Each structure stands twice: as structure tokens, then as C-alpha cells.
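Notes follow the structure.
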Amino acid sequence: KTITEIVTNGLLSGPKTHVINITGNFFKTLLMPAEKMLGGRFLGDEAMVRQGIQTYTGLRKYFDESLKMALMALKTGDNILDAGHKVMDGRDRYVLGTYDKVKQGILDRKVARGDTSGRLSELEELQAHAFSWLGAPSRALGAADEFFKQLNYRANVYAKLSGEAAANPKLAGNAQAMAEYVENGMEAAFDKAGRGTRQDALRIAQEATWTQSLRDDAYFNGGIGQAALNMVNSYPPLRLVMPFIRTPTNLIRDFVAHT
């Protein structure tokens with residue numbers, strides 16, 4: 001498992017990988033509201049057009065907050081908004097990670113062997129720092145994923161709440177009441193741990209980062225991609241030849257859907 005994680009992080013260590021990932025997410029984020037606006041215009045649905053416009057407003061409004069959450073994700077090594085759909089395929093537990101997590105993992109293994117001193121040897125301290133450094137590329141990828149998910153989630157929740165407020169005859173025309181409705185709705189869109197609670201907006205955030213579930217395909221009892229993901233999860237050495245499955249599969253699905 002350690003070897004597969006080191007190899008995977010090695011593949012992610014080049015700046016070109018991160019530039020391509022960020023660029024792709026950036027353009028996807030910009031294009032999704034435009035698609036909604038064009039679809040609304042074609043269907044004669046003015047509410048859909050306005051929702052697309054409000055989404056752009058939300059993208060600008062929540063940029064700084066999304067960046068803040070991304071930096072938190074980089075520091076902790078954890079996804080915050082949508083922990084169940086990570087850009088990195090695989091289990092939740094990893095050998096590489098932040099220094100604190102690697103250190104805790106070493107201490108846990110020492111306790112299992114009967115060593116309850118709570119201290120690391122010099123060699124173990126070196127290992128903790130080395131494993132933290134080796135895991136930096138995947139944490140950076142996760143932080144970028146967190147940023148674009150936060151941004152798309154917040155912008156879409158904001159757009160839908162704004163539309164609901166405008167359509168409510170009790171609120172329409174009362175700017176303060178509409179603003180309070182949106183603000184309260186935004187607060188309710190997160191639980192105490194910062195996870196998203198609105199599944200509709202979470203789905204859009206996943207689509208914007210190509211991290212949605214592979215189970216909704218019609219092939220192989222949940223999709224060929226999901227079958228491959230299950231296989232490498234069951235036999236981790238296969239990750240050496242198939243390190244990434246979810247995002248490439250969703251990219252192909254997205255391409256097919258737009259052709």
C-alpha cells in the first residue's frame with residue numbers, strides 16, 4: 001500500500017498535472033451556468049436563465065470563502081464539503097498524509113505492539129516528515145478539488161435560493177427579506193462539520209470536478225468504471241497500473257454527453 005501511494009503521488013508531483021486539473025475545473029465551472037442559460041433561453045424558461053446569471057454572481061461572491069476552505073483542506077489533508085466523493089480514488093485511510101496523521105498512525109501501530117510511550121524515535125520522526133512530504137501532491141490535488149467543489153456548491157445554492165426568494169410573493173420586492181432568506185438558506189446548506197446538505201447542489205459540484213459516483217451507469221451492474229474501481233480497491237497492487245479511474249471515466253462520460 002505504501003508503494004502504491006508513493007507511485008501515485010509521484011505521478012502527481014509534476015506541476016503540469018495540477019495546471020491541467022485546475023484549468024479543466026476552471027473552464028467547467030464557467031461553462032456550466034452558461035449551458036443552463038442557453039438551455040433556458042432555448043426552452044423559453046426565464047427562471048432557468050436567471051438562475052444561470054445568479055450562479056455567476058455566486059461564483060464571484062463566494063470565491064474567497066471557497067479558497068479559505070481549500071487551504072483548510074490542504075492543511076488537514078481531508079475533504080470537507082463532500083468527503084464521500086474524493087478526486088483521489090481508493091479507501092479513506094492512507095499511509096501518506098499530513099505530519100500529524102502520519103505520526104498518529106505510527107503511534108497507533110506502536111500501541112498495537114504494546115509500546116504506550118507516546119514518543120517517536122529519531123528514525124520514526126524522520127519517517128513521519130518524509131511521508132508527509134511524499135503525500136503533498138495528493139493533498140494539493142485534493143485542495144484544488146475542495147476549492148472548485150466549494151465554489152460550485154455555494155454558487156448554485158445561492159442561485160437557487162435567490163430564485164426561490166424572487167418567486168415568493170411574500171418576499172418579492174423586499175430586498176432585506178430576500179437577503180435574509182438567502183443568508184439563512186446558505187447557513188442551512190452546511191452541517192456543523194462543514195459538509196454540504198443539499199444533494200442537488202452537491203451533484204452539480206461533483207459534476208464540475210468530475211467526481212460524481214460511477215454507479216449510475218447502465219453497464220456492468222453500476223458501470224464499467226465502478227467495476228474497475230471496485231477491483232482496484234479489492235486488490236490495491238492493481239493501482240500501480242490503474243491509479244486513477246473515477247475522474248477519467250467521468251471525463252469520458254461528460255465528453256459523450258456533449259457530443
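Along the sequence shown, residues are numbered consecutively beginning with 1. Since the model is a prediction, treat every value here as computed from it, not as a measurement.
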query = Can E124 and K110 be said to form a salt bridge (Lys or Arg N to Asp or Glu O under 4.0 Å), step by step?
reply = CA-CA 11 Å; E124 290 168 336; K110 293 183 73 169; 3.0 Å; yes

task = Could you please spell out the steps behind the salt bridge (Lys or Arg N to Asp or Glu O under 4.0 Å) verdict for K28 and D254?
result = CA-CA 10 Å; K28 180 70 171 175; D254 194 17; 2.8 Å; yes

query = Please walk me through it: do K68 and D64 pass salt bridge (Lys or Arg N to Asp or Glu O under 4.0 Å)?
reply = CA-CA 6 Å; K68 176 183 175 181; D64 291 345; over 6 Å; no

ask   = Under the side chain to side chain contact (heavy atoms under 4.5 Å, CB included) criterion, do L251 and F255 qualify, and how do the steps go?
value = CA-CA 6 Å; L251 277 165; F255 174 77; over 6 Å; no

Verdict with reasoning, D200 to R198, per salt bridge (Lys or Arg N to Asp or Glu O under 4.0 Å) = CA-CA 6 Å; D200 54 345; R198 292 190 55 144; 3.4 Å; yes

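Shown here are the side-chain contact (heavy atoms from CB on, under 4.5 Å) partners of S66, two or more places apart in sequence or in another chain: Y62, F147, Q150, L151, R154. Listed by chain and residue number, L171, N174 satisfy the side-chain contact (heavy atoms from CB on, under 4.5 Å) test with A177 (two or more places apart in sequence, or in another chain). The side-chain contact (heavy atoms from CB on, under 4.5 Å) check on I20 picks up K16, with sequence neighbours excluded.
In this structure a side-chain-to-backbone donor-acceptor pair under 3.5 Å is present from Y56 to A34. In this structure, the side chain of E146 engages the main chain of L81 through a donor-acceptor pair within 3.5 Å. N156 contributes a side-chain N or O that, together with a main-chain N or O of N152, makes up a donor-acceptor pair within less than 3.5 Å. The main-chain N or O of H129 is never found under 3.5 Å from a side-chain atom of S132 such that the two would form a donor-acceptor pair. Proximity of a side-chain donor or acceptor of N250 to a complementary backbone N or O of W210 within less than 3.5 Å is detected.
Under the side chain to side chain contact (heavy atoms under 4.5 Å, CB included) rule, V19 has a single partner from T17, T23, I22, which is T23. With D145 as the fixed residue, the side chain to side chain donor-acceptor pair (under 3.5 Å) test singles out one of N21, N25, N79: N79.
The shortest non-hydrogen separation linking Y158 to M186 is N-SD, 3.7 Å.
Considering only heavy atoms from C-beta on, R195 stays 4.5 Å or farther from F190 through its side chain.
Other residues, nucleotides and ligands contribute only 12 or fewer heavy atoms inside 6.0 Å of the CD atom of Q176. Within a 6.0 Å radius of CD in E122, other residues, nucleotides and ligands contribute 12 heavy atoms or fewer.
For the residue pair T197/D191, the side-chain donor-acceptor check at 3.5 Å is not satisfied. Using a 3.5 Å distance cut-off with no hydrogens or angles, the side chains of N168 and E164 do not pair a donor with an acceptor.
Hydrophobic clustering, with ILVMFWY side chains joined whenever heavy atoms are under 4.5 angstrom apart, keeps M37 apart from M48.
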